[in-house]
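Scroll down for the structure; my scribbles are underneath it.
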Amino acid sequence: MIKNGTVIGAISQERLDRIKHSSSSKIPVDAINTLLKYFHLSIEEITCIGISYNSVEGLCVEKFYKEELETIYGCTHIPVFFTNHHIAHAYSSFFSSGLDDALIFVADGAGDYINGMQEAESLYIAKENKIEMICRRLQNPTIGRLTDERSYLLPHMPTFIQDYEISLGKKYSQITHLIELGRNGEGKTMGLAGYGAPLFNYNAYKKGDFLNFSLKYKDLIEEIFSLKVLSGKSYKEFIRNERANIASTVQLMLENTIIDLLDDVLSIYPCKNLVLSGGIFLNCILNGKIINKFNLDNFYALPPAGDDGQALGAAYYAYTKYGGLQNKFKISLPYLGISYSDCEIENALKNANLTYSFLEDDHLAKEIANHISVNKIVAIHRGKTEIGPRALCHRSILANPKCPDIKDILNYKVKHRESFRPFAPTVIAEEQFKYFDLKFESKFMNVATTVKEEYRCQLPGIIHVDGTARVQAISIESEAFIHKILMAVKQKIGFPIVVNTSFNVNGEPIVETPFDAIETFLKTEIDVLIIGNFLVDKSRI
């Protein structure tokens, strides 16, 4: 929701319907109604509506969605603006960046259909509030689903699709299925890659290809199958034995291809501002490699770089098409969701028959630090929900980074997920460069970098097996209360750093309401729950 050029609200449907990666062709009425209610608005007060989509052809869905909106809301008078998938990605990131000009690179699994093909990757130049496409690469439409074995197992893959073109994002997903990490498991593949070594060095990009490079369905799949044959093992046995090395192989392929492509692009369009959008750029290892490779003035990847950023791009698009844009959009990332009153929180606690206390900010911050310092696990639900798939301390689980066992404790006892999954640090902004090898500020946990050598032994909880960490830096201006917690933690353990992971369990979306927070708290081994200024200590229940 945008008002007078300022983004005032955004929330993902999954936070409300509690279906992780909630995906549907239906109008997301839960999200729409929640924002309207939160801002005390009726649909009649909305000036215009933006919609983007995925895997459709042209603008053939316009009439369908206009009729759907009119049926649900009776809004026949409100103009509706439609934009395609990759343009929505470009708008979402550039107009959130605050930059005057930029090169925009969009890469994801798939966008919309164009002349029988489908968007794969695209490049744009943005200047003076205008975004123009340079070029794009197309891929063949998926045959069936990527979850089908014919899409990722070579013996099952029909010959006629083996030479079909595939996007970089879909290739990464294809290998994710091959190593049995499942749908939406790309983040797991990224984490697992750190435990392996590439089986071979693959690069889909050749110098000068620009966006004319070829990446086929069979690429990597064919080479991996050849290594399976040489091993003498069954397919399942080979995949399970080599899954970390296969993950490392596809991660290297992604890095090689995108970095070499950007090297060519930036030599032709020598822009010092790079904006990235699309699900691929949730890959924080890749983002860190890009930053280290290029001499940029500004690097920007939107926190909801994937499809949960589409609505933001569609809203920007509608706003500019309806009334133009005289000044830059304003957006206060990442806290754009819903907050809850003390009354709502206390009612939820009473309904759950929980014993609680109410503490003022200074006292509460010190209590949280005390618990963290003795290796208690603290869940925090406070203020407006973060936008994007990563919890940034408003819906987070916090822990002691000095505890050597904290990763296993969190994975097994709280998150109920694979042991190889890493956890991220949150640090005060003024000391982020002291502990981490950063070239730019890292506000949104979307860049992985190395932890400086002298601190690695002291901070085992936030370091991945490859020596990297996905950093969130908190300034006193951006989040005064979390900064206060970090300073209190520093007094206790010597570092203004906490382990930060999303407040959810495996397979569920991040918690949204006080009820969600209480439910997750009670079914896990989280020790302390903070909701607003209320504290619940499980040992006292």
Side-chain angles (χ1 to χ4, degrees), residues 96-99 194 273-274 276 281-303 305 332-335 365 368-369 372-373 380 386-388 390-394 396-403 406-407 422-464 466-502:
S96 297
S97 71
L99 297 169
N273 299 328
L274 180 62
L276 304 173
F281 299 111
L282 292 172
N283 192 306
C284 55
I285 300 291
L286 168 65
N287 292 345
K289 297 285 179 71
I290 291 170
I291 287 172
N292 287 333
K293 170 67 178 178
F294 300 106
N295 182 26
L296 299 167
D297 289 342
N298 291 285
F299 170 92
Y300 186 80
L302 187 70
S332 297
L333 289 165
Y335 309 116
I368 292 170
I372 289 172
S373 69
I380 187 164
E386 306 93 330
I387 185 173
R390 289 171 183 148
L392 299 171
C393 289
H394 278 201
S396 286
I397 296 169
L398 309 180
N400 188 348
K402 294 179 71 174
C403 177
I406 198 64
K407 286 190 279 190
F423 295 98
T426 294
V427 60
I428 58 171
E430 55 267 38
E431 293 191 32
Q432 61 186 303
F433 298 100
K434 176 180 177 180
Y435 301 106
F436 305 100
D437 291 313
L438 291 166
K439 292 176 73 174
F440 298 104
E441 285 191 307
S442 183
K443 298 178 181 179
F444 307 127
M445 210 182 282
N446 55 16
V447 174
T449 188
T450 51
V451 180
K452 291 188 176 179
E453 188 72 38
E454 60 266 37
Y455 299 112
R456 292 185 187 181
C457 291
Q458 301 173 75
L459 298 166
I462 52 96
I463 301 173
H464 195 32
D466 58 3
T468 63
R470 188 177 67 202
V471 182
Q472 179 200 8
I474 292 277
S475 68
I476 195 168
E477 294 80 16
S478 65
E479 226 305 347
F481 179 70
I482 301 300
H483 190 276
K484 195 186 296 285
I485 293 172
L486 294 169
M487 292 302 294
V489 167
K490 183 178 182 179
Q491 288 188 324
K492 288 290 181 180
I493 69 170
F495 297 96
I497 299 171
V498 293
V499 175
N500 176 9
T501 187
S502 55

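When atom types are taken as modelled, the side chain of R470 and the backbone of P422 share no donor-acceptor pair closer than 3.5 angstrom. Between the S502 side chain and the A391 main chain, no donor and acceptor come within less than 3.5 Å of each other. Listed for the Q458 side chain is no donor-acceptor partner under 3.5 Å among the backbone atoms of Y455.
Between I462 and V427 there is no side-chain heavy-atom pair separated by less than 4.5 Å. Side-chain contact between K439 and L296: absent, with no pair of heavy atoms (C-beta onward) separated by less than 4.5 Å. Proximity of T450 to R456: side-chain heavy atoms (C-beta onward) are separated by under 4.5 Å at one or more points. Residues F481 and I368 are in side-chain contact: their nearest non-hydrogen atoms beyond the backbone lie under 4.5 Å apart. At least one side-chain heavy atom of I372 sits less than 4.5 Å from a side-chain heavy atom of L398.
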*asked:* Applying side-chain contact (heavy atoms from CB on, under 4.5 Å) to V471 and T449, what does each step give before you reach the verdict?
replied: CA-CA 8 Å; V471 182; T449 188; 4.1 Å; yes
_One pair to check against side-chain contact (heavy atoms from CB on, under 4.5 Å): F281 and L302. What are the steps and the verdict?_
CA-CA 9 Å; F281 299 111; L302 187 70; over 6 Å; no
*asked:* Using side-chain contact (heavy atoms from CB on, under 4.5 Å), reason through S396 and E386 one step at a time and then give a plain yes or no.
replied: CA-CA 10 Å; S396 286; E386 306 93 330; 4.3 Å; yes
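Atom CD1 of I428 is separated from atom CG of L486 by 7.0 Å, given to the nearest 0.5 angstrom. Separation of atoms CD1 (I380) and CD1 (I397) is listed at 11.5 Å; rounding is to 0.5 Å. Distance NE2/H483 to CD/E477: 8.0 Å, rounded to 0.5 Å. F440 contributes atom CZ, which lies 12.0 Å from atom CD of Q432 (distance to the nearest 0.5 angstrom). Between the CG atom of N446 and the CG atom of N283 there is a distance of 11.0 Å, given to the nearest 0.5 Å. With values rounded to the nearest 0.5 angstrom, Y300 atom OH is found 5.5 Å from F444 atom CZ.
Between P425 and I497, the shortest heavy-atom distance links the atoms CB-CG2, 3.9 Å. Taking both residues in full, the closest heavy atoms of F495 and V489 are given as O-CG1, 3.5 Å, listed atom of the first, atom of the second, then distance. Minimum interatomic distance between K407 and I463 (heavy atoms only, all atoms of both residues): NZ-O, 2.5 Å. Contact record, N500 with C393: ND2-SG, 3.5 Å, taken as the closest heavy-atom pair. Among all heavy-atom pairs drawn from I493 and K402, the shortest one is O-NZ, 3.2 Å. Minimum heavy-atom separation, Y335 to L392: OH-O, 2.6 Å.
Atom NZ of K492 is surrounded by 12 or fewer heavy atoms from other residues, nucleotides or ligands within 6.0 Å.
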